[in-house]
Amino acid sequence: MERRFAVHLAAHMLAPSTLAYGLTDSPAGMLAWILERWVNWSDNGGDIETVFSKDDLLTHAMIFWVTNSIGTSIRTYANNNRYPWTPAHHRQP
């Protein structure tokens with residue numbers, strides 16, 4: 001799991017704009033990118049529809065497509081790596 005996630009994370013961190021342009025330009029490409037991750041990251045036994053319905057998968061993809069937010073979601077990985085969150089105070093919870 002860690003190796004598979006490392007590839008995903010590296011693509012998001014090293015070339016977020018390139019990936020975002022490619023996925024924003026093609027709804028089929030974006031759906032393939034999302035489905036590949038969901039298939040690899042879910043415990044589906046080789047059948048993604050045992051975990052997620054087609055409606056769930058298409059709804060998730062449509063939210064990214066209609067709002068044009070796949071680039072923003074990808075850029076978050078790069079920004080969080082470049083500019084780690086630091087607390088604005090020294091208090092402890």
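FYI, side chains are in, hydrogens and waters are out, and symmetry mates aren't considered; it's all heavy atoms of this structure. What you see is a predicted model, and the numbers here were worked out from it, not measured in a lab.
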Exercise. Taking only residues at least two apart or on different chains, which pairs with a member in residues 72-93 satisfy salt bridge (Lys or Arg N to Asp or Glu O under 4.0 Å)?
Worked result: none

For this session: Kindly state each residue pair satisfying salt bridge (Lys or Arg N to Asp or Glu O under 4.0 Å) with at least one member in residues 40-49, sequence neighbours excluded.
Result: Glu49-Lys54

Exercise. Taking it one step at a time, do Phe52 and His60 satisfy side chain to side chain contact (heavy atoms under 4.5 Å, CB included)?
Worked result: CA-CA 11 Å; Phe52 305 105; His60 189 78; over 6 Å; no

For this session: Applying side chain to side chain contact (heavy atoms under 4.5 Å, CB included), run through Trp85 and Asn80 and close with a yes or a no.
Result: CA-CA 7 Å; Trp85 179 82; Asn80 289 343; over 6 Å; no

Grab the two heavy atoms, one from [X] and one from [Y], that are nearest each other, plus how far apart they are.
| X | Y | value |
| --- | --- | --- |
| Pro27 | Trp65 | CD-CH2, 3.4 Å |
| Ala20 | Gly71 | CB-CA, 3.5 Å |
| Leu57 | Trp38 | CD2-CE3, 3.0 Å |
| Gly29 | Leu23 | O-CD2, 3.7 Å |

Exercise. If you group Ile, Leu, Val, Met, Phe, Trp and Tyr by side-chain heavy-atom gaps below 4.5 Å, do Ile63 and Leu35 land in one group?
Worked result: no

With a 4.5 Å cut-off on side-chain heavy atoms, are [Y] and [X] touching?
| X | Y | result |
| --- | --- | --- |
| Leu19 | Trp33 | yes |
| Ile34 | Phe64 | yes |
| Thr24 | Met30 | no |

For this session: Under the side chain to side chain contact (heavy atoms under 4.5 Å, CB included) rule, collect the residues that match up with Asp55, sequence neighbours excluded.
Result: Ser53, Thr59

For this session: Taking atom NE2 of His89 as the centre, report whether more than 12 heavy atoms of other residues, nucleotides or ligands fall under 6.0 Å from it.
Result: yes

Problem set entry | Check: Asn44 side chain, Val39 main-chain N or O, donor-acceptor pair, under 3.5 Å | yes

